[in-house]
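One structure below.
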Amino acid sequence: MTVIDLESYEDALATYDPVMGLEVHVELGTKTKMFCGCSTELKQDANSQTCPVCLGLPGALPVVNEVGVESAIKIGLALNCEIAEWCRFARKNYFYPDMPKNFQTSQYDEPIAFDGYLDVQLEDGEIFRVQIERAHMEEDTGKSTHVGGATGRIHGASHSLLDYNRAGIPLIEIVTKPIEGAGARAPEVAKAYVAELRELIKALGVSEARMEMGQMRCDVNLSLRPHGREEFGTRSETKNVNSLRSVERAARFEIQRHAAVLNSGGTIVQETRHFHEEDGSTTAGRIKDNAEDYRYFPEPDLVPVAPAREWVEELRKGLPELPRLRRARLKEEWGVSEHDMQSILNAGAVDLIVATTEAGAPSDQARKWWMGELARNANETGRSLDELGVTPAQVARVAELVLSGDLNDKLARQVLEGVLAGEGDPDTVVEKRGLKVVSDEGALSTAVDEAIAGNAAIADKIRGGKVAAAGALVGAVMKATRGQADAARVRELILEKLGVEG
């Protein structure tokens with residue numbers, strides 16, 4: 001199936017209702033793995049963070065990570081879930097080339113959190129409720145690197161390398177109930193849900209949830225059913241989608257692909273699929289197993305988990321302000337439109353702006369610099385705002401220098417450029433580059449006199465009442481002072497010297 005074989009999106013929705021199920025895996029930010037004391041620190045030498053437990057050696061016994069359980073409860077509470085009074089782990093069996101013990105310790109019929117929901121806001125302000133089936137604890141697999149092929153996948157590779165450092169890192173898998181009724185907006189709902197969930201996870205402090213680093217990834221399950229029919233169609237599962245845009249594209253592509261197969265008289269295969277960033281397409285992976293194929297059975301080496309109700313309520317009281325409510329409050333405090341707030345959210349700038357205001361900058365100035373010059377730099381360099389290397393305190397200092405008159409906007413942009421280049425903090429850059437606004441009245445007066453003398457014809461026009469022509473003289477002064485004059489004060493001096501009312 002290629003892109004040209006797809007049904008048009010409009011025609012697909014004219015015949016079928018999409019039904020989605022989203023499974024989101026979140027790597028927890030614990031210091032040690034889920035069932036052993038090995039470090040979870042990233043970018044260490046391959047296979048250097050392993051032990052008999054996470055390598056599955058005979059006789060090694062696992063122990064549950066308490067912080068992992070606490071994080072799971074926090075996530076469940078924030079998702080309005082019931083928290084189990086008693087739950088246990090299970091072994092999920094099938095061939096894992098990158099899981100040395102050849103089964104995954106997970107939870108099956110007794111998850112720690114279940115029956116919740118998350119309200120998500122779509123771009124036009126509509127609120128869509130996504131029902132949560134469960135959130136359960138499990139462990140990650142190791143990492144396979146396929147060598148010798150053109151695509152980096154196992155097909156065509158000459159050999160594979162296995163790194164077990166990631167094997168055993170704590171995961172929370174959050175599974176929705178079937179998402180129905182979204183219609184043509186199903187891909188948008190999928191993107192909005194994952195975006196809201198990411199913000200929630202970050203607010204809880206249980207994970208950085210950086211999708212580009214695999215700390216949060218989404219499996220997009222999708223099926224179609226003809227209008228008026230109740231039973232679901234056969235689903236496909238697009239695995240490990242790792243960006244918000246890709247979640248939306250994967251759902252849209254699968255709607256079009258399913259419709260094309262069904263309309264041509266074909267049958268949808270229940271299978272996993274790979275998503276391709278370059279064109280937004282998916283390709284077949286493996287036939288998707290059903291639950292019974294995994295031969296789940298209770299994990300004999302781990303005792304059940306029975307969170308005390310007092311502990312659960314204590315964690316509930318400690319939950320932070322939920323992201324959607326926080327955004328609504330900030331939107332009101334900042335006096336911005338829904339569209340502007342969405343842009344700030346999409347840029348990942350909410351927390352940075354808040355931190356900049358906490359460092360002393362007015363909110364409008366904080367928004368101006370993060371969503372203006374700094375967002376431009378991030379786009380040009382392909383980085384996120386928090387990867388730029390400039391801190392909220394530094395941005396607040398730049399805003400302070402502008403408001404005090406020591407810098408104008410042009411000079412402030414040069415200061416930020418210097419900070420981004422690693423030249424030091426804003427005051428250091430100002431000093432090194434000599435960027436302060438020229439505020440000496442004598443120097444400004446001399447520069448204005450020279451501009452008037454060098455542009456007599458323009459000066460005459462101004463004297464004749466064409467005040468707008470003063471802009472040309474202001475430009476001449478700004479050029480002479482390398483942009484370091486206060487343009488407003490320069491204009492006042494020009495009009496004063498020419499005897500014209502402003």
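- With hydrogens and angles ignored, the 3.5 Å screen pairs a side-chain donor or acceptor of Ser264 with a backbone N or O of Val261.
- By the 6.0 Å and 45° rule, Arg252 stacks over the aromatic ring of Tyr9.
- A donor-acceptor pair under 3.5 Å is absent between the side-chain atoms of Ser363 and the main chain of Trp334, judged by distance alone.
- Environment of NZ in Lys143: sparse, with no more than 12 heavy atoms of neighbouring residues, nucleotides or ligands closer than 6.0 Å.
- Proximity of Leu345 to Glu199: side-chain heavy atoms (C-beta onward) are separated by under 4.5 Å at one or more points.
- Formation of a donor-acceptor pair under 3.5 Å by the Asn80 side chain with backbone atoms of Tyr117 is found in this model.
- Enclosure of atom CD in Glu278 by more than 12 non-hydrogen atoms of other residues, nucleotides or ligands within 6.0 angstrom is indicated.
- When all heavy atoms of Leu244 and Lys191 are compared, the closest pair comes out as O-CG, 3.6 Å.
- For Gly285 against His274, the heavy-atom pair with the smallest separation is CA-NE2, 3.8 Å.
- The closest donor-acceptor contact from the side chain of Arg134 to the backbone of Tyr108 lies under 3.5 Å.
- No side-chain donor from either of Ser207 and Gln215 sits under 3.5 Å from a side-chain acceptor of the other.
- Checked by atom type and distance alone, the side chain of Asn165 pairs as donor or acceptor with a backbone atom of Asp45 at under 3.5 Å.
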Report all side-chain donor-acceptor pairs from residues 351-360 shorter than 3.5 Å, counting only partners two or more places apart or in another chain.
residue : atom : partner : partner atom : Å
Asp351  : OD1  : Arg326  : NH1          : 2.7
Asp351  : OD1  : Arg326  : NH2          : 3.0
Thr356  : OG1  : Leu352  : O            : 2.7
Thr356  : OG1  : Trp370  : NE1          : 2.7
Thr357  : OG1  : Ile353  : O            : 3.4
Thr357  : OG1  : Val354  : O            : 2.6

Side chain to side chain donor-acceptor pair (under 3.5 Å) for Gln342 and Asn346? Distances and angles first, verdict last.
CA-CA 6 Å; Gln342 189 64 46; Asn346 292 343; 3.1 Å; yes
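- Annotation: Glu332, atom CD; neighbour count of heavy atoms from other residues, nucleotides and ligands within 6.0 Å does not exceed 12.
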Tell me, with the steps shown, if Gln104 and Thr141 meet side chain to side chain donor-acceptor pair (under 3.5 Å).
CA-CA 8 Å; Gln104 181 187 39; Thr141 61; over 6 Å; no
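- Contact between Thr32 and Gly37 at its shortest, heavy atoms only, is CG2-O, 3.5 Å.
- Closest non-hydrogen pair, Ala378 versus Leu385, comes out as CB-CD2, 4.0 Å.
- For Phe35, the ring pair (Phe, Tyr, Trp, His ring centres under 6.0 Å) partners are Phe89, not counting sequence neighbours.
- Under a 3.5 Å cut-off, the side chain of Gln394 and the backbone N or O of Thr391 do form a donor-acceptor pair.
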